[in-house]
Trainee: 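After the structure tokens below, expect a handful of questions from me.
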Amino acid sequence: MGSTGAVTAERTGERHGVADASGLAILAACAAWALIASGVGGGRPDGVLLAILAVAAGYAGGRIAGALLPVAAPCAGALAGVCLAAAAPHVTPGPASSAPLGPIGATAALLSLSAGAVCCAAWAARGPALRLCLRLAAVGVVCCAALLGSTAGFLACAGILLCSLAGALTRRAPGLAGFALAAVLVAGASWAVAEEVLPRGLTASLEGQLGPHRVGLWRDAGDLAGAHPAFGVGPGRFGDASPTVTEGLLPDDKPHSALLQQAAEQGFTGVVLLTAAFGWVLFALWRSPRSTAVVLTAGAALTAVAAVATLGNALSVTSVTAGAGLLAGIATARPLPEGRETGSGETDRLP
């Protein structure tokens with residue numbers, strides 16, 4: 001039995017090493033490409049570099065905290081996220097604040113991360129009473145999103161809670177594949193709106209949900225990406241090149257879509273790197289030694305953040321990028337020997 005445990009631990013370390021090396025390479029490539037695009041087209045790459053640093057720092061901190069405090073660490077992160085979302089609603093200024101989806105930005109993303117963290121803590125908890133209390137806390141996060149007027153945050157948190165409850169009944173690979181498909185569908189829909197390739201009735205319906213100003217920003221981003229496909233116009237230069245920004249009443253120089261901003265400012269190579277970064281997160285979750293329920297809960301929350309970032313300006317806020325890295329680190333942390341149990345009390349096998 002001892003030799004079997006040693007082999008399992010060695011394989012776990014190897015899987016962790018592959019995921020970590022892949023993530024390091026992708027984040028380094030993102031930083032390098034931001035500098036290259038800035039050198040070619042001008043611009044200010046400091047925002048991109050800060051976001052990359054926040055993700056890396058959050059991931060490293062999450063790996064440590066998740067191993068030492070698998071319940072307390074996500075609870076503390078969730079509390080911090082809810083406090084930031086409630087105390088700083090001004091971090092989500094946007095052109096579509098009166099649209100049916102509400103302000104799609106950092107508030108929705110922070111609440112999504114908080115809901116995912118609480119649900120992860122619930123699955124890591126041992127006692128049924130504590131687990132029930134944490135799930136009630138997750139319901140509280142959903143209610144908080146409703147009270148803050150974030151319709152997107154409410155829908156995301158409710159979906160994360162449902163996905164977490166279904167996590168014990170779902171296999172890891174199909175669940176993560178479903179999250180990847182959902183992210184692709186949201187990204188494809190936003191790109192289709194920007195390129196005006198959808199049927200007229202559907203386009204009008206989406207414009208009503210998103211707001212005409214946001215849609216105008218997306219179309220400007222699509223035009224800039226088509227005119228500068230290789231390197232984009234340069235990091236941070238969308239506001240200087242977008243006619244809709246100059247005509248708008250709000251002092252906001254972002255297209256409110258991470259995908260389209262990346263395409264406009266860093267070209268299609270930047271889009272590929274952004275997609276690779278999200279793919280790496282799902283790959284790291286697939287390789288995680290944590291229980292499948294924890295992995296799928298974190299995957300649901302991070303997919304919700306990706307969707308919010310595709311529709312809003314969430315990734316422009318450092319607390320969101322750091323929080324996403326923190327949750328990913330907690331969900332991929334190698335647990336201590338006494339903590340290697342699933343929510344049902346059975347040892348979870350690695351994929």
Side-chain angles (χ1 to χ4, degrees), residues 8 11-12 15-16 18-19 62 66 70-71 74-75 77-78 109 111-128 130-139 141-142 145 153-188 275 278-308 310 324 326-335 339-351:
T8 302
R11 289 180 178 176
T12 302
R15 292 168 186 241
H16 260 55
V18 171
V71 177
C75 286
L111 291 171
S112 299
L113 291 170
S114 299
V118 171
C119 291
C120 285
W123 280 115
R126 289 174 175 262
L130 178 59
R131 189 173 301 160
L132 177 60
C133 290
L134 291 173
R135 285 177 178 157
L136 291 176
V139 175
V141 176
V142 177
F154 173 79
L155 294 175
C157 291
I160 292 165
L161 180 58
L162 292 175
C163 289
S164 178
L165 293 175
L169 305 175
T170 309
R171 300 192 56 157
R172 180 175 302 197
L176 293 176
F179 296 146
L181 178 60
V184 168
L185 290 176
V186 173
T275 304
F278 180 69
W280 161 65
V281 171
L282 295 182
F283 175 73
L285 289 174
W286 179 58
R287 294 285 194 177
S288 171
R290 299 296 299 273
S291 70
T292 297
V294 170
V295 165
L296 294 183
T297 298
L302 293 170
T303 302
V305 171
V308 169
T310 303
L326 181 67
L327 181 59
I330 289 173
T332 57
R334 183 184 304 173
R340 299 194 63 181
E341 294 182 351
T342 64
S344 60
E346 297 178 357
T347 303
D348 187 47
R349 295 182 179 179
L350 291 172

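All of these numbers come straight from a predicted model, not from anything done at the bench.
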Trainee: Between G66 and A333, which heavy-atom pair has the shortest distance, and what is it?
Mentor: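 That closest heavy-atom pairing would be C-CB, 3.7 Å.
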Trainee: Measure the CG-SG distance between L162 and C119 for me, rounded to the nearest 0.5 Å.
Mentor: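 The CG atom of L162 sits 9.5 Å away from the SG atom of C119.
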Trainee: Could you state the interatomic distance from CG (L176) to CZ (F179), rounded to the nearest 0.5 Å?
Mentor: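 The distance works out to 6.5 Å.
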Trainee: For the side chain of W123 and the backbone of S164, is there at least one donor-acceptor N/O pair under 3.5 Å apart?
Mentor: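 Yes.
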Trainee: If every non-hydrogen atom of V118 is compared with every non-hydrogen atom of A137, which pair is closest and at what distance?
Mentor: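 Nearest heavy atoms, V118 then A137: CG1-CB, 3.9 Å.
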Trainee: To the nearest 0.5 Å, what is the distance between CZ on R135 and CG on L130?
Mentor: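 One gets 10.5 Å once the value is rounded to the nearest 0.5 Å.
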Trainee: Which atom names give the shortest non-hydrogen contact between A78 and S114, and what distance separates them?
Mentor: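 Looks like O-OG, 3.2 Å.
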Trainee: May I ask you to test the L134-V71 pair for a side-chain heavy-atom distance under 4.5 Å?
Mentor: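 In short, these two side chains touch, coming nearer than 4.5 Å.
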Trainee: Compare every heavy atom of A158 with every heavy atom of V142, then report the nearest pair and how far apart it is.
Mentor: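 V142 and A158 have their closest heavy atoms at CG2-N, 4.0 Å.
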Trainee: Could you check I330, T332, L285 and say which one makes a side-chain contact (heavy atoms from CB on, under 4.5 Å) with R290?
Mentor: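 When I330, T332, L285 are each tested with R290, the side-chain contact (heavy atoms from CB on, under 4.5 Å) holds only for I330.
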Trainee: Are there over 12 heavy-atom neighbours, none belonging to F278, within less than 6.0 Å of that residue's CZ?
Mentor: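 Yes, CZ of F278 has more than 12 neighbouring heavy atoms, counting only those of other groups under 6.0 Å.
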Trainee: Please report the interatomic distance SG(C163) to CG(L296), rounded to the nearest 0.5 Å.
Mentor: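 Going from the SG atom of C163 to the CG atom of L296 covers 8.5 Å.
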Trainee: Identify the two heavy atoms, one from A173 and one from W286, that lie closest to each other, and give their separation to 0.1 Å.
Mentor: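 Smallest heavy-atom distance, with atoms named: CB-NE1, 4.2 Å.
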Trainee: Quick check for you: to the nearest 0.5 Å, what is the distance between L113 atom CG and I160 atom CD1?
Mentor: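 One finds 7.5 Å between CG of L113 and CD1 of I160.
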Trainee: How close do A138 and L161 get, heavy atom to heavy atom, and via which atoms?
Mentor: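 Looking at all heavy atoms of both residues, the closest pair is CB-CD1, 3.9 Å.
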Trainee: Which value, rounded to the nearest 0.5 Å, describes the distance between L169 atom CG and T292 atom OG1?
Mentor: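 Going from the CG atom of L169 to the OG1 atom of T292 covers 11.5 Å.
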Trainee: Distance-only, no hydrogens or angles: does the S288 side chain make a donor-acceptor pair with backbone N or O of A331 under 3.5 Å?
Mentor: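 It does hold such a pair.
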